[in-house]
**Q** 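One structure, pasted below without further comment.
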Amino acid sequence: MRTEWFLLSQGLVILLALIPLGYMTLRQRRLKALQNQLVERLDLRAANAWFRVNLASPAFYKKRLRVMAFEGKGLLLDLGDRLQVVGELGQGRRLERTYPKHGMAIDWIGNANLASANLHWMSLGSGPDTLYLTADTGLNALQSREATADLFSMLAPDASRARAAGREFALEKNGASLGVVIAFFAILAFALVDGFFLNRNELVEAGRLLWWAPLVMLPAVPCYRLLISEAVPARESLVLSLLLAVALTLAFVPAAKRLDQWLGPAAQDYRYRLDNPTRLTPLQDGPPPLSFPRTPEYWQQFDVGSEHDLRLIHGPLGLWQLQRAELEAKMRAFYRGYDAR
C-alpha cells in the first residue's frame with residue numbers, strides 16, 4: 001500500500017511539473033504563429049531592417065511569479081528616422097509603438113535579476129511608452145545576450161555602452177563575484193582535503209545533525225542578493241550562489257567532525273564484542289555498533305564473541321567518530337602477512 005501511495009505521489013508531482021511546461025509550449029507556439037502572421041501581413045520592404053523580438057511591458061517584466069519569460073512576440077522595424085514595434089500579446093491583444101530616433105530613450109537592461117528569465121533585455125521609450133525587448137532566439141536562451149547586444153549596438157547612440165553590452169561578464173573583474181569564486185574553491189578544498197586526507201576519523205553515527213544539513217544551503221540566498229546588488233548578471237549570480245551552496249553542503253560533514261573534535265573530550269576506549277567477522281556490538285549503552293565489511297579477513301582471526309577495545313570520539317554535537325589510526329596500523333600489519341601467504 002505504501003508503494004502504491006509513493007508511486008501515486010510521484011505521478012502527481014510529475015503531472016504538476018508538466019502542466020506549466022505544456023502551457024509554455026502551447027503559448028510559445030501560438031505566439032510564434034502570430035508573429036509569423038505579422039511577417040506575412042506587413043510590408044517589410046519599406047523597412048531598412050527588421051528583427052524578430054520578444055516583448056514585455058515594465059509591469060510584466062517585474063513580475064516575480066510568472067510562467068512565461070515574455071509577454072508577447074513581435075517585430076522591430078527600422079524605418080529610417082523612427083523605430084516601430086508591432087507585437088502580438090495573445091488573446092487578441094496587439095501592440096504598436098513608434099519611437100522617433102532623435103532623442104529616443106534606449107537603455108541596456110541585460111540579465112539583471114531573476115525576472116530576466118535568463119534572457120538579456122533592452123528597453124525603448126520612457127514613462128508609459130517604455131517597452132522591454134529581447135532578441136527572439138527561440139528556446140536557446142544562451143544566444144540571447146549576443147543577439148540582443150547586436151541589436152542594441154545598432155540602435156544605441158552611445159558606442160561605448162553598446163560595446164560593453166556585447167562583452168561577456170568577467171567574474172574576475174567584479175569584487176563580489178571574485179570573492180564568491182575564491183570562497184567556493186576554498187570551501188571545496190577544505191571539504192576534499194580535510195574530508196578525505198587529513199581527518200582520518202570515521203563518522204559512524206551522525207545522530208540528528210544531518211537533519212540540519214539543508215540549512216547550510218541558506219547562505220546562497222543572501223549571496224545571490226549581494227551579487228545582484230553588485231551588478232553581477234542574474235545568470236552568473238544564480239550559478240555562483242548554487243556553487244557556493246554545493247561547496248557548503250560538501251563541507252558540512254567534515255566541518256561538523258572537526259568542530260565536534262575541538263569541542264568534545266579526547267577519544268576514549270569502548271569495549272566491543274565480535275558478533276561475526278564484519279560486525280561488532282558495544283558492551284555498554286551509548287556507542288553505536290560498528291561494521292567492517294571491507295576487512296573480514298582481519299576479524300576472522302578472532303573468535304566470535306571475543307572482546308576488543310576501540311577508540312571513539314563523542315562530542316557535544318552528538319557525533320560518534322571512530323579513531324582509525326591505531327586500528328588501521330594493526331590491519332596493515334595483518335594484511336602484509338596475509339598477502340604474503
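In this chain, numbering begins with 1 at the start of the sequence shown.
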**Q** Report, one line per pair, each donor and acceptor closer than 3.5 Å where one atom sits in a side chain of residues 211-235; sequence neighbours left out.
**A**
from: Y224; atom 1: OH; to: L114; atom 2: N; distance (Å): 3.1
from: S229; atom 1: OG; to: R225; atom 2: O; distance (Å): 3.3
from: S229; atom 1: OG; to: L226; atom 2: O; distance (Å): 2.6

**Q** In terms of hydrophobic clusters joined by side-chain contacts under 4.5 Å, are L79 and L42 together?
**A**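 Result: yes, single cluster for both.
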**Q** Can you confirm whether P289 sits close enough to P282 that some side-chain heavy atom of one is under 4.5 Å from a side-chain heavy atom of the other?
**A**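 In short, these two side chains touch, coming nearer than 4.5 Å.
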**Q** When you look at CD of E326, are more than 12 heavy atoms from neighbouring residues, nucleotides or ligands closer to it than 6.0 Å?
**A**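 Atom CD in E326 is not packed in, count stays at 12 or less.
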**Q** So L119 and N111, do their side chains get closer than 4.5 Å, heavy atoms only?
**A**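 No, every pair of side-chain atoms sits at 4.5 Å or beyond.
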**Q** Under the side chain to side chain donor-acceptor pair (under 3.5 Å) criterion, do D107 and S123 qualify, and how do the steps go?
**A** CA-CA 5 Å; D107 195 16; S123 68; 4.7 Å; no
**Q** Let me check something: do V193 and L248 share a hydrophobic cluster, defined by ILVMFWY side-chain heavy atoms less than 4.5 Å apart, either directly or through other members?
**A**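 V193 and L248: separate clusters.
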**Q** Taking all non-hydrogen atoms of both residues into account, name the closest pair between V85 and Y99 and its distance.
**A**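 Closest approach of V85 to Y99, heavy atoms only: CG2-CE1, 4.1 Å.
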**Q** Return the minimal non-hydrogen interatomic distance between L133 and V53, and the atom names on each side.
**A**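 So the minimum-distance heavy-atom pair works out to CD2-CG2, 4.4 Å.
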**Q** Under 4.5 Å between side-chain heavy atoms, counting indirect links through other Ile/Leu/Val/Met/Phe/Trp/Tyr residues: same cluster for L290 and L327 or not?
**A**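 Yes, L290 and L327 fall within the same hydrophobic cluster.
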**Q** Counting only N and O atoms by type, is there a donor-acceptor contact under 3.5 Å from the side chain of T148 to the main-chain atoms of A135?
**A**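 Yes: the side chain of T148 pairs with the backbone of A135.
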**Q** If we only count heavy atoms from C-beta on, is the L95 to V86 side-chain gap below 4.5 Å?
**A**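 Sidechains of V86 and L95: no contact.
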**Q** Ignoring hydrogens, what is the shortest heavy-atom contact between Y132 and I109? Give both atom names and the distance.
**A**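 Taking Y132 first and I109 second, the nearest heavy atoms are CE2-CG1, 3.8 Å.
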**Q** L44 versus V39: any side-chain heavy-atom pair under 4.5 Å?
**A**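 SC-SC contact between L44 and V39 confirmed.
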**Q** With no hydrogens and no angle check, is any side-chain donor or acceptor of T98 less than 3.5 Å from a backbone partner on Q84?
**A**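 No; judged by distance alone, with no hydrogens or angles, the pair does not exist.
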**Q** What salt bridge (Lys or Arg N to Asp or Glu O under 4.0 Å) pairs are there with at least one residue in residues 295-307, not counting sequence neighbours?
**A**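 Listed once each, the pairs are R271-E307.
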**Q** Do H314 and L319 pass the side chain to side chain contact (heavy atoms under 4.5 Å, CB included) test, and can you show the C-alpha distance, the side-chain angles, and the key distance before you say yes or no?
**A** CA-CA 6 Å; H314 183 51; L319 307 181; 5.9 Å; no
**Q** For atom CZ of R294, decide whether the heavy atoms of other residues, nucleotides or ligands shown that lie under 6.0 angstrom number more than 12.
**A**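 Count not over threshold, so no.
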**Q** Taking all non-hydrogen atoms of both residues, which atom of R145 and which atom of W108 are closest, and how far apart?
**A**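 Result for this residue pair: O-CH2, 4.2 Å.
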**Q** Return the set of residues passing side chain to side chain donor-acceptor pair (under 3.5 Å) with N54 (not counting sequence neighbours), or none when no residue passes.
**A**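 N54: side chain to side chain donor-acceptor pair (under 3.5 Å) contacts with K73.
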**Q** Just by distance, with hydrogens left out, do S144 and T134 show a side-chain donor and acceptor under 3.5 Å apart?
**A**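 Yes.
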**Q** Could you check whether R311 and Q268, counting side-chain N and O atoms only, form a donor-acceptor pair closer than 3.5 Å?
**A**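 Side-chain D/A pair, Q268 to R311: absent.
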**Q** Of all heavy-atom pairs between P287 and Y270, which one has the smallest distance, and what is that distance?
**A**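 Closest pair (atom of P287, atom of Y270, distance): CG-CD2, 3.3 Å.
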**Q** Shared ILVMFWY cluster between L263 and V253, side chains joined below 4.5 angstrom?
**A**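 Same hydrophobic cluster.
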**Q** With a 3.5 Å cut-off and no angle check, do the side chains of E71 and S57 form a donor-acceptor pair?
**A**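 There is such a pair between these side chains.
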**Q** Work out which heavy atom in G127 is nearest to a heavy atom in T130; give both atom names and the distance.
**A**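 Of all heavy-atom pairs spanning G127 and T130, the closest is O-OG1, 2.9 Å.
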**Q** Angle class for the W121/Y61 ring planes (parallel below 30°, perpendicular above 60°, tilted otherwise)?
**A**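 Correct class here is perpendicular.
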**Q** Can you sort out the partners of K101 under side chain to side chain contact (heavy atoms under 4.5 Å, CB included), two or more places apart, ordered by chain and number?
**A**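 Per chain and number, K101 pairs via side chain to side chain contact (heavy atoms under 4.5 Å, CB included) with D78, L83.
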**Q** Are the side chain of Q321 and the backbone of L312 linked by a donor-acceptor contact shorter than 3.5 Å?
**A**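 No; zero donor-acceptor contacts below 3.5 Å.
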**Q** Does F60 have any ring-ring contact (aromatic ring centres under 6.0 Å, His included) partners at least two apart in sequence or in another chain, and if so, which?
**A**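 For F60, no residue satisfies ring-ring contact (aromatic ring centres under 6.0 Å, His included) once neighbours in sequence are set aside.
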**Q** So, does H308 use its side chain to make a donor-acceptor pair with the main chain of L274 at under 3.5 Å?
**A**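 Answer holds: no.
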**Q** Taking side chain as C-beta onward, heavy atoms only, is F70 less than 4.5 Å from Q28?
**A**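 F70 vs Q28: side chains touch.
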**Q** Please report the C-alpha distance between N36 and R41 in whole Å, then the side-chain angles of each, then the deciding distance to 0.1 Å, and finally whether the side chain to side chain donor-acceptor pair (under 3.5 Å) criterion is met.
**A** CA-CA 9 Å; N36 290 334; R41 188 173 70 246; over 6 Å; no
**Q** May I ask you to decide if D129's main-chain N or O and R97's side chain share a donor-acceptor pair within less than 3.5 Å?
**A**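 Pair found, side chain donor or acceptor close to backbone of D129.
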**Q** Show, in sequence, the C-alpha distance, side-chain angles and deciding distance for N174 and L178, and conclude whether the side chain to side chain contact (heavy atoms under 4.5 Å, CB included) test is met.
**A** CA-CA 6 Å; N174 182 286; L178 179 60; over 6 Å; no
**Q** Are side-chain heavy atoms of L75 and Q35 found at a separation under 4.5 Å?
**A**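 Side-chain contact under 4.5 Å: yes.
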**Q** Applying the ring pair (Phe, Tyr, Trp, His ring centres under 6.0 Å) test to Y298, which of Y335, F292, F334 qualifies?
**A**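 Single ring pair (Phe, Tyr, Trp, His ring centres under 6.0 Å) partner of Y298 among Y335, F292, F334: F334.
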**Q** W299 versus N276: any side-chain heavy-atom pair under 4.5 Å?
**A**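 When only atoms from C-beta onward are counted, N276 and W299 do not touch, as no gap falls below 4.5 Å.
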**Q** Going through the checks in order, is the side chain to side chain contact (heavy atoms under 4.5 Å, CB included) test met by F152 and I106?
**A** CA-CA 8 Å; F152 182 77; I106 180 172; 3.6 Å; yes
**Q** Under the salt bridge (charged side-chain N to carboxylate O under 4.0 Å, His left out) test, which residues partner R258, sequence neighbours left out?
**A**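 Partners of R258 under the salt bridge (charged side-chain N to carboxylate O under 4.0 Å, His left out) test: D194.
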**Q** Using a cut-off of 6.0 Å, state whether more than 12 heavy atoms not belonging to D43 lie near its atom CG.
**A**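 Yes, the 6.0 Å shell around CG holds more than 12 heavy atoms from other groups.
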**Q** D260 side chain to G315 main-chain N or O, any donor-acceptor pair under 3.5 Å?
**A**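 Yes, the answer is positive, given that a donor and an acceptor are paired below the 3.5 Å cut-off.
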**Q** Between the main-chain N or O of F302 and the side-chain N or O of S306, is there a donor-acceptor pair closer than 3.5 Å?
**A**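 It does not hold such a pair.
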**Q** Examine distances only and state if a side-chain atom of R324 and a backbone atom of R200 form a donor-acceptor pair shorter than 3.5 Å.
**A**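 No, the answer is negative, given that no donor and acceptor are paired below the 3.5 Å cut-off.
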**Q** Can you find a side-chain donor-acceptor pair between N199 and Q261 that sits under 3.5 Å?
**A**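 Result is yes, a qualifying pair exists.
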**Q** Check each of K32, R93, R94, R30 against E88 using the side-chain hydrogen bond (donor to acceptor under 3.5 Å, both in side chains) test, and report the only one that passes.
**A**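 So the option named by the test is R94.
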**Q** Starting from the C-alpha separation in whole Å, work towards a yes-or-no answer on side chain to side chain contact (heavy atoms under 4.5 Å, CB included) for L283 and Y272.
**A** CA-CA 6 Å; L283 296 182; Y272 277 80; 5.9 Å; no
**Q** Would you call L322 and L310 a side-chain contact if the rule is heavy atoms closer than 4.5 Å?
**A**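 They are in side-chain contact.
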